[in-house]
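The block underneath contains the structure these notes are about, expressed in structure tokens.
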Protein chains: 2
Amino acid sequence: MAIDHLDGRIILLLAREPRIGVLEMSRRLGVARGTAQARLDRLQSNGVIRGFGPQVDPAALGYPVTAFATLQIRQGQGADVRAHLATVPEVLELHTTTGTGDMLCRLVARSNADLQRVIDRVVGFDGIVRASTAIVMENPVPLRIIPLVEQASLGE
Amino acid sequence: MAIDHLDGRIILLLAREPRIGVLEMSRRLGVARGTAQARLDRLQSNGVIRGFGPQVDPAALGYPVTAFATLQIRQGQGADVRAHLATVPEVLELHTTTGTGDMLCRLVARSNADLQRVIDRVVGFDGIVRASTAIVMENPVPLRIIPLVEQASLGE
DNA sequence: GTACGCCTGCACATGTTGCCCAGTGATCAG
DNA sequence: CTGATCACTGGGCAACATGTGCAGGCGTAC
């Protein structure tokens, strides 16, 4: 479950140069190819590395506007709302949370005007009582994992 | 900038089987290898595909708790706060937003108790006036891009 | 009609993968 | 101490993929 230092280096290396092969990886790490391969396999079957899917930039796809919407759900409608939101392509992510809202979702849109359409589509559903939206202006820290990997592979 | 149907199929294919090679890809798509290669190169230099970094699961690293914190910042302290948050490994993502809060950040922690430590570290900084945190219970829609790619590659 | 971009199909040298093996050193139970 | 297990090394092999280059077809824009 926890990862050791070599695992950490593997992940960092892959993060920096994702298209690297196992052989090149083993050379950089100074271990035998079999070792690198075994470690990588283990990380994947452990679920530490979930995959190597392409990281697609919504902005480059024509969706430069990101927003977060906090939703309040009518009692007992959670499952319906989840199913509804899953059908909206502009909903990139959905969490159920504690706190003032019941759900938090990440949206994208083609423009601020288009965001209105997306929000209408998201909110135009019976189980949603209230929604409050925050439009993202800047993204000073894009989704990252490397500092955490470093932390995890040092401490353990 | 916009992507066509073939680009869309390339991304979908890569999302499903990320470790696929260009040759295999061209076979599946029914195009020449050079074409697949050229398209892939273009998608990457366009920035549509930002990379193929490993998708690491924080839970598998020992950080099973996720939370979102909304921060209110003292006027003019934005840059300092951003720099501060960038140094905290448990801050996976940071956005500046319109709306009630000024910033929204995604946090992870080793446990609910550990979340307190993380929040203290995040909030224990002069420019932050107020923070409200929502702990994630479930994640019915994990970060996804495929429906959007489908939409974008059909419509254009 | 001509230049251009995009695609096809082919070829080559080189590098990589998946798979096999034998051997070493550390750890641990009996 | 003995034997078992495990992770790692280092090597070898056939099959396959990659980067690259090139000639030619086809539709579009001007």
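Residue numbers begin at 1 in each chain, while the letters A, B, ... track the order of the sequences. Hydrogens, waters and symmetry mates play no part in the numbers below; they use all other heavy atoms, side chains included.
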When the distance from [atom1] of [X] to [atom2] of [N] is rounded to whole Å, what number comes out?
X      : N       : atom1 : atom2 : result
H5(B)  : dC7(C)  : NE2   : P     : 14 Å
L23(A) : dG12(D) : CG    : P     : 14 Å
I20(A) : dA17(D) : CD1   : C1'   : 17 Å
D7(B)  : dC6(C)  : CG    : P     : 11 Å
D41(B) : dG19(D) : CG    : C1'   : 10 Å
D4(A)  : dC6(D)  : CG    : P     : 18 Å
I3(A)  : dA7(D)  : CD1   : C1'   : 18 Å
R19(B) : dT17(C) : CZ    : P     : 9 Å

ask   = Do the side chain of T35(B) and the main chain of V31(B) share a donor and acceptor less than 3.5 angstrom apart?
value =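 Side chain of T35(B) to backbone of V31(B): no pair is present.
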query = Within the side chain of H84(A), is there an N or O that forms a donor-acceptor pair under 3.5 Å with the backbone of V122(A)?
reply =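 Yes; judged by distance alone, with no hydrogens or angles, the pair exists.
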key: Contact nearer the 5' end of DNA chain C, comparing A36(B) with G21(A)   =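 Here A36(B) is the residue nearer the 5' end.
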For [N], does either OP1 or OP2 sit under 4.0 Å from a side-chain N or O belonging to [X]?
X      : N       : value
R27(B) : dG9(C)  : no
Q37(A) : dT17(C) : no
T35(A) : dA7(D)  : no

message = Can you say whether a donor on the side chain of R33(A) sits under 3.5 Å from an acceptor on the base of dG12(D), or the other way round?
response =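 By the distance-only test, yes, there is a pair.
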task = Decide whether D41(A) and Q37(A) meet the rule of one side-chain donor and one side-chain acceptor closer than 3.5 Å.
result =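 Side chains of D41(A) and Q37(A): no pair found under 3.5 Å.
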task = Using the ring of Y63(A) (Phe, Tyr or Trp, six-membered ring only), decide whether R110(A) places NZ or CZ under 6.0 Å from its centre and within 45 degrees of its axis.
result =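 Cation-pi check for R110(A) and Y63(A): passes.
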message = Within the 4.0 Å heavy-atom criterion, would you say R42(A) contacts the bases, only the backbone, or no part of the nucleic acid?
response =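 If one applies the 4.0 Å heavy-atom cut-off, R42(A) turns out to touch nothing in the nucleic acid.
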task = Could you tell me whether R39(B) contacts a base, only the sugar-phosphate backbone, or nothing, with contacts defined as non-hydrogen atoms closer than 4.0 Å?
result =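 Contact class for R39(B): sugar-phosphate only.
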ask   = So if you build clusters from Ile, Leu, Val, Met, Phe, Trp, Tyr with side-chain heavy-atom gaps below 4.5 Å, do L115(A) and V123(A) land together?
value =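 In one cluster with L115(A): V123(A), yes.
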